[in-house]
Structure formats: structure tokens, C-alpha cells
Amino acid sequence: RGSWCAAPLRRVPPPGPACTAARPPRRASSSPPGPAESDPGEGGVFLSESCVRRLLEITEGSEFLRLQVEGGGCSGFQYKFSLDTVVNPDDRQGERGGARVVVDVDSLAFVKGSMVDFSQELIRSSFQVVSNPQAEKGCSCGTSFSVKL
């Protein structure tokens, strides 16, 4: 599947001129694989090369991948992925190779240290959390999990 890259998550800056600056041109990440935390206490979300590649293909302008955790699914909690353009004050965001991921503070507690991949199969293509150290077990389809107590 290739190497894994960390997307350091950082506190969202307050609205202002810095938030409206143009994004740098997209290019492949040249940084070595592995964690690149901005705050070791917050943890990060890891992105696979295929995840970064797919995000660069489907996002435009200020769009990014939002990862949320909701109650539900067959194991108690479920992952929800969406493309978004609005960054809320309680969000943490990270970037790797021009691809951006945003996780709200409440969800971050459930996905800290997780690996996000883009999987393309015959019957579906989707973003998936393929490794979550906060999860005790997951369902066979990979969309829901139970939390370690």
C-alpha cells in the first residue's frame, strides 16, 4: 500500500487575513514517512499516499477531508468522511503533500494515531480508517468500531 505519512493536527487560527491567503501549489510530499506531530499531546492522523493522491484529485480550492466520529454502526461508533470548506474554531487540521484533513476535538479523542487510506475495490471506492489505536475492535466492513475502555 505504500508508506504512511503523518498529517500534523494543529489548532485552527482565529479568523483574519492569514485565513484567506491563497494555498500553495499542490505537489507530492517529499518529506519522509512517519509522525510529524505539531503537539505530541494532541496526536495526529496518518494519511496513506493513496489517500493524499485521491484528495488532490477530488478537492478544489479550499476543500478538505473532514473525519468525524458519530455514535452508531454495529460496533457503537462509526466513521464519517465528507468534503468540507468550513473550519470551525474547535477543529484541528493537518496537511500532507497539499492534502488537508480536519478533525473536530471531540472526534480526535477517538481517532488519535489512526491511519486513513483510500481504498479502490471492484464494488466500492472509499476513504477508510485502516488502523485505529483507540479502537478495541471493528466491524468487518470497517466503518464502525468500539472504543477501548
Side-chain angles (χ1 to χ4, degrees), residues 1-16 18-21 23-24 26 28-29 31-120 124-139 141-149:
R1 293 224 177 221
S3 62
W4 295 94
C5 303
L9 296 177
R10 59 193 182 280
R11 198 173 303 274
V12 178
C19 295
T20 59
R23 288 178 57 190
R26 295 180 178 182
S29 174
S31 57
E37 309 288 328
S38 59
D39 177 357
E42 276 189 14
V45 174
F46 295 83
L47 302 178
S48 71
E49 290 177 12
S50 65
C51 179
V52 170
R53 194 170 35 252
R54 183 62 178 154
L55 281 172
L56 294 177
E57 291 171 357
I58 65 172
T59 56
E60 296 178 357
S62 61
E63 283 183 315
F64 53 82
L65 180 68
R66 177 174 292 280
L67 170 56
Q68 293 175 285
V69 174
E70 298 178 337
C74 54
S75 298
F77 293 93
Q78 60 190 359
Y79 303 110
K80 180 181 176 189
F81 292 98
S82 60
L83 291 180
D84 200 349
T85 57
V86 178
V87 179
N88 301 314
D90 68 336
D91 286 339
R92 300 297 180 262
Q93 57 184 337
E95 179 178 1
R96 178 59 78 193
R100 292 178 26 194
V101 62
V102 171
V103 183
D104 63 89
V105 169
D106 293 335
S107 296
L108 183 58
F110 296 103
V111 296
K112 213 174 359 182
S114 295
M115 294 185 195
V116 180
D117 190 26
F118 178 74
S119 175
Q120 194 162 8
R124 72 174 173 173
S125 299
S126 62
F127 291 100
Q128 298 177 340
V129 175
V130 294
S131 175
N132 183 351
Q134 310 307 319
E136 183 173 35
K137 62 180 180 172
C139 67
C141 66
T143 60
S144 70
F145 65 100
S146 62
V147 178
K148 290 181 182 177
L149 297 176

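Values reported hereafter were calculated over all heavy atoms of this structure, with side chains retained and with hydrogens, waters and symmetry mates removed. What you see is a predicted model, and the numbers here were worked out from it, not measured in a lab.
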**Q** Restricting to ring pair (Phe, Tyr, Trp, His ring centres under 6.0 Å), what partner residues turn up for Phe127, sequence neighbours left out?
**A**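 For Phe127 the ring pair (Phe, Tyr, Trp, His ring centres under 6.0 Å) partners, ignoring immediate neighbours, are Phe118.
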
**Q** Do Val129 and Gln134 make a side-chain contact, defined as non-hydrogen atoms from C-beta onward lying under 4.5 Å apart?
**A**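 No. Closest side-chain heavy atoms not under 4.5 Å.
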
**Q** Taking the side chain as C-beta and beyond, is there a heavy-atom pair between Leu65 and Phe81 under 4.5 Å?
**A**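 Answer yes - side chains close enough.
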
**Q** Determine whether Gln68 and Asp84 satisfy the following criterion, side chain to side chain contact (heavy atoms under 4.5 Å, CB included), listing intermediate values before the conclusion.
**A** CA-CA 12 Å; Gln68 293 175 285; Asp84 200 349; over 6 Å; no

**Q** If you take all heavy atoms of Gln120 and Ser125, which pair is closest and at what distance?
**A**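 Reported closest heavy-atom pair: CG-OG, 3.2 Å.
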
**Q** Could you tell me whether a side-chain N or O of Ser107 sits under 3.5 Å from a main-chain N or O of Val69, the two making a donor and an acceptor?
**A**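 Pair found, side chain donor or acceptor close to backbone of Val69.
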
**Q** Residues in salt bridge (charged side-chain N to carboxylate O under 4.0 Å, His left out) with Arg54, at least two apart?
**A**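 Arg54 satisfies salt bridge (charged side-chain N to carboxylate O under 4.0 Å, His left out) with Glu57 once adjacent residues are dropped.
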
**Q** For a side-chain contact (heavy atoms from CB on, under 4.5 Å) with Arg66, tell me which candidate from Thr85, Asp91, Leu83, Val103 qualifies.
**A**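 One option only clears the test, and that one is Asp91.
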
**Q** Are Val116 and Leu67 side-chain neighbours, meaning at least one heavy-atom pair lies under 4.5 Å?
**A**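 Yes. Closest side-chain heavy atoms under 4.5 Å.
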
**Q** Using only atom types and a distance under 3.5 Å, with no angle test, would you say the side chain of Asp117 pairs donor to acceptor with the backbone of Ser50?
**A**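 Judged by distance alone, no pair lies under 3.5 Å.
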
**Q** How long is the span from the CZ atom in Arg53 to the CG atom in Leu47, to the nearest 0.5 Å?
**A**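 With rounding to 0.5 Å, CZ (Arg53) is 12.5 Å from CG (Leu47).
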
**Q** Name all residues meeting the side-chain contact (heavy atoms from CB on, under 4.5 Å) criterion together with Ser131; count only those two or more places apart in sequence or in a different chain, and write none if there are none.
**A**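 Expected list: Met115.
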
**Q** Please enumerate all residues that pass side-chain hydrogen bond (donor to acceptor under 3.5 Å, both in side chains) together with Ser126, with sequence neighbours excluded.
**A**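 Partners of Ser126 under the side-chain hydrogen bond (donor to acceptor under 3.5 Å, both in side chains) test: Gln128.
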
**Q** Can you name the residues that form a salt bridge (charged side-chain N to carboxylate O under 4.0 Å, His left out) with Asp104, not counting sequence neighbours?
**A**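 So Asp104 forms no salt bridge (charged side-chain N to carboxylate O under 4.0 Å, His left out) with any residue.
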
